[in-house]
There are 2 protein chains.
Amino acid sequence: MLNMRSAPAAEDSTARARIRDAAVLRFSREGFGTSLRTIAQDAGVSAALVVHHFGSKDGLRQACDEHVLAVIRDQKREALGPSGPTEMLARMAELDEWAPLVGYALRSMQAGGDLARAFLDHFAADAEEYLREGVAAGTILPSRDEVARARHLTVMGYGAFLLDIALHPPEDPADLRAYLHGYLERTGLPAMELFTQGLFTDRSMLDAYLMYVTDPPAEA
Amino acid sequence: MLNMRSAPAAEDSTARARIRDAAVLRFSREGFGTSLRTIAQDAGVSAALVVHHFGSKDGLRQACDEHVLAVIRDQKREALGPSGPTEMLARMAELDEWAPLVGYALRSMQAGGDLARAFLDHFAADAEEYLREGVAAGTILPSRDEVARARHLTVMGYGAFLLDIALHPPEDPADLRAYLHGYLERTGLPAMELFTQGLFTDRSMLDAYLMYVTDPPAEA
DNA sequence: GCCCGCGCTGAACAAGCGTTTAGTATGCTG
DNA sequence: CAGCATACTAAACGCTTGTTCAGCGCGGGC
């Protein structure tokens with residue numbers, strides 16, 4: 001299963017880290033429109049000190065981006081499981097101290113930009129590797145384009161999750177775990193059905209699509 | 001195919017409508033943080049007149065919500081096609097004068113709230129009807145929970161699309177059509193493969209999941 | 001002791017925002 | 001004609017925000 005590294009230790013208790021962590025938490029819960037003054041208050045410092053340490057609000061966000069990306073990149077991958085393509089984030093969210101990082105990553109994906117792309121690239125690469133192994137092991141069907149498939153599954157998985165959050169915001173933003181369980185209850189069956197049997201009874205639409213892209217139906 | 005109503009006529013040229021349309025356009029392109037002054041300028045009026053007509057910025061947004069929802073609810077449904085569960089919006093986006101409405105709907109879904117839920121409920125209901133017809137016609141596999149499936153397909157379709165937009169914002173926000181074509185090129189194949197054949201080579205994970213939810217594997 | 005660097009603060013600044021206020025112009029009705 | 005309603009405006013108001021400024025306190029090195 002997931003080789004989960006220990007949660008980020010609280011060994012770094014300088015004001016700089018305190019501010020950064022307060023920012024990650026607040027940004028993850030309320031979005032990137034949160035005011036600098038709110039974050040400063042959370043961290044128990046003045047707004048001017050935040051700017052002193054990070055140069056500006058943008059600088060603070062940049063520092064949070066780098067921190068969260070580094071931590072998440074450090075995790076071993078488990079790209080597919082009962083929660084679908086979002087399995088890795090789901091596992092991380094099971095540990096309370098990881099929840100702000102997960103929330104921050106989700107906020108970033110929603111907002112777009114370089115960090116979002118970095119996250120998705122990371123997750124898609126993991127998914128691709130996992131799918132290739134599954135194909136080799138005979139548990140996953142081969143695809144005509146493994147890269148595009150991995151990419152699309154990842155975007156679908158996170159996209160669906162993000163939209164679900166937007167539609168039904170968690171009552172307690174801190175309890176990502178409960179939210180994920182509810183999400184799995186709602187979506188587990190249709191997702192499993194789709195992954196297991198697909199949707200169409202025959203391959204006529206796939207064939208039509210392949211004809212459309214000037215690729216004749218493959219012999220298989 | 002889609003029975004497309006005519007695009008919203010420009011018969012309503014009062015200042016009120018002009019303001020509302022300017023707001024829909026600007027909100028769809030730049031999000032709901034757009035300032036009232038910007039919208040007023042677009043409409044060629046003062047900010048005070050906007051407030052005079054709509055009571056407040058929130059009132060303006062409410063009016064836009066109602067307008068866009070009414071127009072979209074008026075469309076006949078085509079819930080599934082080559083672009084997947086987002087087929088209806090895809091068809092609407094083919095007409096340039098509909099693009100701001102489509103963009104507004106997408107922004108609303110991303111933002112969450114009542115309007116987002118109204119849109120998703122509408123689309124999911126359409127999808128459910130369409131899927132039931134497909135099942136009856138023998139082109140679509142039956143599901144153990146038709147409602148959940150329709151819902152999930154809809155959320156997946158729109159969620160993936162929204163995330164794709166966030167990751168790769170259109171160069172020209174007005175040209176939704178070009179964006180959709182690019183999206184279809186990137187995702188058409190993996191989506192068709194998934195809908196046609198699923199992902200797993202056998203049904204062991206579906207069975208495991210069904211056991212997990214205390215539902216023994218069905219005879220079929 | 002003096003100087004420097006660092007951590008830190010409260011107050012002030014400048015800009016932008018949604019909203020309110022006071023007023024003008026026009027058309028309609030009695 | 002006067003009064004009213006409607007459409008519309010520019011200016012002002014009050015608030016929030018990110019940022020800048022001037023200053024204090026402490027510790028370390030010479």
Side-chain angles (χ1 to χ4, degrees), chain A residues 10-68 100 104 107-108 110-115 173, chain B residues 10-68 100 104 107-108 110-115 173:
Chain A
E11 85 286 326
D12 189 5
S13 56
T14 60
R16 197 176 196 279
R18 239 173 40 242
I19 295 166
R20 187 201 62 215
D21 290 347
V24 167
L25 183 60
R26 188 62 81 160
F27 282 144
S28 74
R29 291 184 179 178
E30 304 191 5
F32 295 111
T34 307
S35 79
L36 199 73
R37 284 179 165 90
T38 299
I39 293 162
Q41 187 172 3
D42 289 346
V45 300
S46 69
L49 188 64
V50 177
V51 174
H52 172 77
H53 277 295
F54 297 95
S56 66
K57 187 180 179 185
D58 279 346
L60 171 63
R61 172 138 181 225
Q62 182 73 15
C64 294
D65 282 1
E66 288 163 9
H67 173 66
V68 174
Y104 190 94
R107 289 278 183 193
S108 303
Q110 199 170 37
D114 287 343
L115 185 65
Chain B
E11 84 287 323
D12 188 4
S13 56
T14 60
R16 196 177 196 279
R18 237 172 44 242
I19 294 167
R20 186 201 62 213
D21 291 346
V24 166
L25 183 60
R26 188 62 82 159
F27 281 144
S28 74
R29 291 185 179 177
E30 305 192 6
F32 295 112
T34 307
S35 78
L36 198 73
R37 286 177 163 90
T38 300
I39 291 162
Q41 188 173 359
D42 289 346
V45 300
S46 69
L49 188 64
V50 177
V51 174
H52 171 79
H53 277 294
F54 297 96
S56 65
K57 188 182 179 183
D58 279 345
L60 171 63
R61 171 135 182 228
Q62 183 73 15
C64 294
D65 283 0
E66 288 163 7
H67 172 67
V68 174
Y104 190 93
R107 288 281 185 191
S108 302
Q110 200 170 36
D114 288 345
L115 184 66

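Reminder, nothing fancy here: chain letters follow the sequence lines and each chain counts from 1. Hydrogens, waters and symmetry mates play no part in the numbers below; they use all other heavy atoms, side chains included.
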Could you report the tightest heavy-atom contact between Ala15(A) and His53(A), atom names first, then the distance? CB-NE2, 4.1 Å
Gln62(A) and Glu66(A): CA distance, side-chain angles, deciding distance, side-chain contact (heavy atoms from CB on, under 4.5 Å) verdict: CA-CA 6 Å; Gln62(A) 182 73 15; Glu66(A) 288 163 9; 3.1 Å; yes
Anything under 4.0 Å to a heavy atom of chain B counts; send over the first and last such nucleotide of DNA chain C, read 5' to 3'. dC17(C) to dT20(C)
Where Arg20(A) and Cys64(A) come nearest, the two heavy atoms and their spacing: O-SG, 3.8 Å
Under 3.5 Å donor-acceptor, Arg107(A) side chain and Ser28(A) backbone: yes
Distance check, rounded to the nearest 0.5 Å: Leu60(A) atom CG versus Arg16(A) atom CZ? 9.0 Å
Which letter, B, S or -, goes with each nucleotide of nucleotides 8-19 of chain D from 5' to 3', with contact meaning a protein heavy atom under 4.0 Å? BBB-B----BBB
Nearest non-hydrogen partners of Ile39(A) and Phe27(A), listed with the distance: CD1-CZ, 3.7 Å
Euclidean distance, Arg26(A) CZ relative to Ile19(A) CD1, rounded to 0.5 Å: 14.5 Å
